[in-house]
Amino acid sequence: MQKVFKNAKEAISDIKSGMSIMLGGFGLCGIPENSIDALVEADITKLTCISNNAGIDNVGLGKLLRKHQIYKMISSYVGENKEFERQLLSGELVVDLIPQGTLAERIRAGGAGIPAFFVPAGYGTEVQGDKEVREFNGKMHILEKGLRADFALVKAWKGDTKGNLIYRHTANNFNNMMAAAGIITIAEVEELVPAGELDPNCIHTPAIYVQRIFQGTDYKKQIEFETTSD
Amino acid sequence: MQKVFKNAKEAISDIKSGMSIMLGGFGLCGIPENSIDALVEADITKLTCISNNAGIDNVGLGKLLRKHQIYKMISSYVGENKEFERQLLSGELVVDLIPQGTLAERIRAGGAGIPAFFVPAGYGTEVQGDKEVREFNGKMHILEKGLRADFALVKAWKGDTKGNLIYRHTANNFNNMMAAAGIITIAEVEELVPAGELDPNCIHTPAIYVQRIFQGTDYKKQIEFETTSD
Amino acid sequence: MALDKNGIAKRIAQELQDGYYVNLGIGIPTLVANYIPDGMDVTLQSENGLLGIGPFPTKDKVDPDLINAGKQTVTYVDGSAFFDSAESFAMIRGGHVDLTVLGAFEVTENGDIASWKVPGKLIKGMGGAMDLVAAAKNIIVAMRQTDRDGNSKLLKECTLPLTGVNCVKKIVTDLGFYEVKDGAFVLLERAPGVSIEDIKNATEGNLVIEGDIPEMKL
Amino acid sequence: MALDKNGIAKRIAQELQDGYYVNLGIGIPTLVANYIPDGMDVTLQSENGLLGIGPFPTKDKVDPDLINAGKQTVTYVDGSAFFDSAESFAMIRGGHVDLTVLGAFEVTENGDIASWKVPGKLIKGMGGAMDLVAAAKNIIVAMRQTDRDGNSKLLKECTLPLTGVNCVKKIVTDLGFYEVKDGAFVLLERAPGVSIEDIKNATEGNLVIEGDIPEMKL
């Protein structure tokens, strides 16, 4: 079983218009840069993108927004993006905002075969909507559903030829859960090594969740707010 | 904040009769040997023990069973233990059997503040009982609840003075989730190192879940079924 | 001639495909690992937290921190990963495991399975069996077709407490290979030398036999 | 004299206790990190996956893989751990974080909070705020007590969309330190030089003043 693909273009070649895609990353940290660039070059539109954020103007998901490839964003925070604002206000873009922890847990549940679960976040707010409400331990909770996607595009630090992944620092964020929640998961890594080189006690995403993997190139790793002490 | 305790006796000194305790381990692999021995020596009874298995005769939880310190076991598999059988048949011991994956997820949910969630396991069987049943995606599920305990006793390979833990091979099993589900979690480790020595990208249990930690001694690591190829 | 344990395991191994992630239960299912075709990439999952079970260790490589779900000492192959039990059952429940092979006391024509409890005998617990049968995409049961008294274990309804309902997809017994479909045991293959009559006599549930039924090629 | 941002942060820092795990929101709450008493062991959680935030990096130590929840470059201290977002919010939702400090547009006498959305202005999203307020054991809000036009932000009812209900436990504003209890803002301390009259004028919701109210000691 060959999971190793040559590059992003080859790995994403069967993603089609109208599909749902999860994309890892928090802000611009840990985003699948190569896969996003390949999507931008491909003639794919009407995507539903599940990602904590929506990139910034012309970086990350901002590139897909600019080319009007996204029909709907499912995110927790979408600030810092003028083109996003414009499309949202003009009605070109549909946005579903979900509390960050609920989004993370819905993705985790999707990958773990849990169709629904109760959380306190959002109770009494507009997030509650017509969701089922129930009291547990004297506290009100709302019922949230597991979330999967046709494809998950994740970015890891190191990966092996079987598909095991290790993330670096805070570049893990949503990548680990999304890997498990994609019907097909495509991982791009900074360093692809032969199976057996990674410490099996230190794997974040076991290979069973990863269907395709490729060695990424030219990572820009742009910083949104460079803040220093000097 | 000093989390480091001298030994098991000191760390478990406020565990009282009638309390609920989670104990990590799968069979005899990864069990908190030192803490169990300290419980055996302490004058504590009527414990509710949540543990995937119940040890074997006079090893692991078998030691607590022999001294009649356990009132109730919440487990998924309790074979391989004659004293257990005797107490169960005589009515001295109450046993609540839970599918292993549901038990693992209930503990994970308990630590993660999720009071209830739906799973397919047990639907249509006696495990279903009077639990709520609901169909999702054409498949029947039952509602299961999060599980916590007064204390969690876990065993790790390496730990640091802040309470971060790393497990070795299959000795992780239930330890990681239980660490998060204990109101007070006591970790015993084979090697206790100063904070900063463990790779922060390779921590299994972040320190926030661990209230007490101590350097264990004299690990026996008994094997239930030694099976070799030669 | 009816198959022995290894024969059943061999036939099941023919159902493996390249790239499969497989969970093998205790007993006959474990033997399937011995018949994985050369060069085929099959990864074995152990629900106590290992993806990538290797062969049993040599005496000097025995490691108490490295066991399988049957609590036997094992090894791990290159490219393995260790994880906790919640993650392990997330894999199982989430449908990431391609094939689950497990034993059973009884199976019904609807795919119900009883495998964990015999009333009157001591209760040992279901372990991970209920999670596995409720969640696996593809379940093959490995079992003898009759009990010691010759009573069929392929039934209309289970007499023993259930492990799961409507979940078994295929069955390999000492007598035949069956698909469970539309409320029937559909006979796909006979064990070498076993007659249709032998199979009919050993099947209590609804048995469907269409056309010529080939012998297994082992 | 009303407190400035740093004054508010200083007062909140006095609520820290040894061994606390703390989540600091964006804005004034972030400044609390500058006033952790020497020798006190306080660990800062960042909901994007870090337990153990350190100071901002020097220019040569900037690392794009190491940011806080405000997307600023940070460092980590000895004994830190990195993890994914599900684990991060498991910590928060499970009540493992001892204290959450965050900003707000409005707070009510019942502990409701509005902090994420102003109708008519662009919606940026709630990020982790709803999860934090719904789950934290102990929430302190850091805010100015009035808006630019002098209208109170300590209200009977929120006018803006809610972030959470019945969740705020304490408030530190530029004018005072309040406990939210039994449907009232209970005044605990005045900012240095601020009068009871000033506070009354800046509080729309139910304000409880019992006995002598001491000045903050900063």
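To find a chain, count down the sequence lines: A is the first, B the second, and so on, and within it residues start at 1.
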For [X], I'd like to know if atom [atom1] has over 12 heavy atoms of other residues, nucleotides or ligands within 6.0 Å.
X: D60(C); atom1: CG; result: yes
X: K46(A); atom1: NZ; result: no
X: K5(C); atom1: NZ; result: no
X: K139(A); atom1: NZ; result: yes
X: K169(C); atom1: NZ; result: yes
X: Y71(A); atom1: OH; result: no
X: K221(A); atom1: NZ; result: yes
X: E157(C); atom1: CD; result: no

Heavy-atom contacts under 4.5 Å, residues 116-137 of chain A to chain C: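 Residues in range: none.
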Close contacts, residues 176-204 of chain A versus chain C, judged by heavy atoms under 4.5 Å: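 From residues 176-204 of chain A, the residues near chain C are A180(A), A195(A), G196(A), P200(A), N201(A), I203(A).
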Shortest non-hydrogen contact from L51(C) toward P206(A):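 Scanning both residues completely, I find the closest heavy atoms to be CD2-CB, 3.9 Å.
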Least distance between heavy atoms, R93(C) atom then G113(A) atom: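 The pair with the smallest heavy-atom distance is CD-O, 3.4 Å.
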For chain C, the option from A207(A), G163(A), G110(A) that forms the most heavy-atom pairs under 4.5 Å: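 The residue among A207(A), G163(A), G110(A) with the greatest pair count is A207(A).
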Side chain proximity check, K162(A) to V77(C), heavy atoms < 4.5 angstrom: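 Of all side-chain heavy-atom pairs linking V77(C) with K162(A), at least one is under 4.5 Å.
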Q45(C) versus chain A, the contacting section by heavy-atom distance below 4.5 Å: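 Neither part.
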CD1 on I208(A) to CG on D98(C), rounded to 0.5 Å: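 Taking CG in D98(C) and CD1 in I208(A), the distance rounds to 7.0 Å.
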